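Encoded as structure tokens, the structure appears first; notes follow it.
Keep in mind that this is a model prediction, so the values were computed, not measured. Note: hydrogens, waters and symmetry copies are ignored here, and every other heavy atom, side chains too, is used.
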Amino acid sequence: MKIVIVTGASSGIGMEFVRQLDEEFSRMDEIWMVARRKSKMEEVAKTLKTSARIFPLDLLQEEDRSLFGKVLSVEKPTVCMLVNCAGFGLIGPFSELPLQEQMNMVELNCKALTSMTYMTIPHMPRNGRILQLASSAAFVPQMNFAVYAATKSYVLSFSRALQEELRSREIVVTAVCPGPVETAFFEKAETYGDTLKLKEHFSVTPQSVVKDALNASKRRKTVAVCGIPMKAFRGITKLLPHDMMLDLVQHMQK
Ligand SMILES: NC(=O)c1ccc[n+]([C@@H]2O[C@H](COP(=O)([O-])OP(=O)(O)OC[C@H]3O[C@@H](n4cnc5c(N)ncnc54)[C@H](OP(=O)(O)O)[C@@H]3O)[C@@H](O)[C@H]2O)c1
């Protein structure tokens, strides 16, 4: 059986991946949707042409991740695509945000993504595709978003190296790096800190992010940067010295 796996499928960018893949990706028999909220995934599943299998799992929990790994080893599906969207951010000074929640950010954004990727690769055929949700926050350290930006730098670095390792197997790994996207992400991110000013000026829709990301993956791109402002931002991060870049980001946050 040919499948696509989407984590974070109950909301925002992950849910939009499910919808666009259902419309456009003809290579699959089933979409496997992973997130905690079963009812949200069931609502989406009802609207799809492709049959969906729902995995209500908490990816912060090692046992839940292993359970998913066991299903893969027993059923041995062909995984045509893995989209790792489950993730969250918290805005605020590192020393003032609760430690446990920041540790959870590392656990979900880095460890769970790494573990899902590791468990899936053995089931991928030639031309398999992996899309990892990083962020434009990956390009440069960000004060008041310190742990989140660091987790996304990890995703970007990991994905680029993995792409080189998997080149001989013709598996494409794309790190997706949007700026602010209009999803529920900020409801959680703003629990303790003010919204980033950046968001008001540069927000894009999940529809456009997913369309760009799928196009980039189809064209075998390693990094998908969504929208002209974020492409310009990435260009500047490559040109300016690190200290100047940190000052600029601080200024942009005000
Ligand atoms: N929105 C932005 O501005 C933006 C920008 C750049 C990158 N990103 C990245 O894009 C990805 C998707 O974010 P989004 O904007 O779509 O936010 P979102 O609407 O809040 O979606 C987050 C998804 O992650 C899932 N999730 C959270 N905790 C989980 C857990 N413990 N176990 C399993 N699933 C969990 C949520 O499902 P449940 O709550 O049902 O578990 C939900 O489906 C994230 O990695 C985020 O960092 C977002």
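- With respect to the salt-bridge test (charged N to carboxylate O, under 4.0 angstrom), the residues E75 and R53 qualify.
- With values rounded to the nearest 0.5 angstrom, N144 atom CG is found 8.5 Å from E96 atom CD.
- Between R169 and M124, the shortest heavy-atom contact is NH2-O, 3.4 Å.
- Shortest non-hydrogen contact noted between K76 and S73 is NZ-O, 2.7 Å.
- For the atom pair CD (E43) and NZ (K40), the distance works out to 5.5 Å, reported to the nearest 0.5 Å.
- Salt bridge annotation for E101-K188: present, with a cationic side-chain nitrogen under 4.0 angstrom from a carboxylate oxygen.
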Problem set entry | Worked verdict on E16 versus V209 for side chain to side chain contact (heavy atoms under 4.5 Å, CB included) | CA-CA 9 Å; E16 184 56 29; V209 169; over 6 Å; no

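- Interatomic distance, R65 CZ to L57 CG, rounded to the nearest 0.5 Å: 11.0 Å.
- F139 and F233 have tilted rings, their planes meeting at an angle from 30° to 60° on a 0 to 90° scale.
- Contact record, L97 with G92: CD1-O, 3.5 Å, taken as the closest heavy-atom pair.
- In this structure, R234 places its CZ atom where more than 12 heavy-atom neighbours from other residues, nucleotides or ligands lie under 6.0 Å away.
- In this structure a side-chain-to-backbone donor-acceptor pair under 3.5 Å is missing from S203 to V181.
- Both M81 and I54 are members of a single hydrophobic cluster when ILVMFWY side chains are connected at heavy-atom separations under 4.5 Å.
- No side-chain heavy atom of V6 sits less than 4.5 Å from a side-chain heavy atom of M33.
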For this session: Begin from the C-alpha positions of L72 and I5 and carry the test side chain to side chain contact (heavy atoms under 4.5 Å, CB included) through to its verdict.
Result: CA-CA 11 Å; L72 284 174; I5 300 169; 4.2 Å; yes

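- Of the inter-residue distances, the one linking D64 atom CG with D58 atom CG reads 5.5 Å to the nearest 0.5 angstrom.
- Atom-to-atom distance recorded for L156:CG and T222:OG1 is 10.0 Å, nearest 0.5 angstrom.
- Atom-to-atom distance recorded for R129:CZ and L214:CG is 6.5 Å, nearest 0.5 angstrom.
- Taking 4.5 Å as the limit, some side-chain heavy atom of P98 sits within range of a side-chain heavy atom of Y192.
- The main-chain N or O of C85 is found under 3.5 Å from a side-chain atom of T7 such that the two form a donor-acceptor pair.
- L59 approaches A86 most closely through the heavy-atom pair CD1-CB, 4.0 Å.
- For the pair V176 and C226, the tightest heavy-atom approach, listed with the atom from each and the gap, is CG1-SG, 4.2 Å.
- Nearest heavy-atom pair across T117 and I130 is CG2-CD1, 4.2 Å.
- Under a 3.5 Å cut-off, the side chain of R37 and the backbone N or O of S11 do not form any donor-acceptor pair.
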For this session: Using the side chain to side chain contact (heavy atoms under 4.5 Å, CB included) rule, take V4 and F17 through it: C-alpha gap first, then chi angles, then the decisive distance, then the call.
Result: CA-CA 10 Å; V4 162; F17 265 108; over 6 Å; no

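- Under a 3.5 Å cut-off, the side chain of Q20 and the backbone N or O of Q207 do form a donor-acceptor pair.
- A donor-acceptor pair under 3.5 Å is absent between the side-chain atoms of N84 and the main chain of L133, judged by distance alone.
- Taken together through direct or relayed side-chain contacts under 4.5 Å among Ile, Leu, Val, Met, Phe, Trp and Tyr, V172 and V210 form parts of separate hydrophobic clusters.
- Note on V155: it clusters hydrophobically with I121, by side-chain heavy-atom contacts below 4.5 Å among ILVMFWY residues.
- At least one side-chain heavy atom of K49 sits less than 4.5 Å from a side-chain heavy atom of E23.
- Atom NZ of K218 sits in a sparse spot, with 12 or fewer heavy atoms from other residues, nucleotides or ligands closer than 6.0 Å.
- Of the possible polar contacts, none joining the K111 side chain to the L108 backbone as a donor-acceptor pair under 3.5 Å is found.
- Ring pair F185/F145 is perpendicular by interplanar angle, where above 60° counts as perpendicular and below 30° as parallel.
- Tracing side-chain contacts under 4.5 Å through hydrophobic residues (I, L, V, M, F, W, Y), one never reaches F88 starting from M103; they form parts of separate clusters.
- Counting heavy atoms from C-beta on, the side chains of L246 and M143 never come closer than 4.5 Å.
- Under the 4.5 Å side-chain criterion, counting only non-hydrogen atoms from C-beta, F186 is in contact with P180.
- Looking only at distances, no side-chain donor or acceptor of Q132 sits under 3.5 Å from a matching main-chain atom of V173.
- Under a 3.5 Å cut-off, the side chain of S157 and the backbone N or O of S153 do not form any donor-acceptor pair.
- Checked by atom type and distance alone, the side chain of S217 never pairs as donor or acceptor with a backbone atom of A213 at under 3.5 Å.
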Problem set entry | Step-by-step side chain to side chain contact (heavy atoms under 4.5 Å, CB included) determination, S135 to Y148 | CA-CA 9 Å; S135 165; Y148 178 73; 3.9 Å; yes

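- Both Y154 and F94 are members of a single hydrophobic cluster when ILVMFWY side chains are connected at heavy-atom separations under 4.5 Å.
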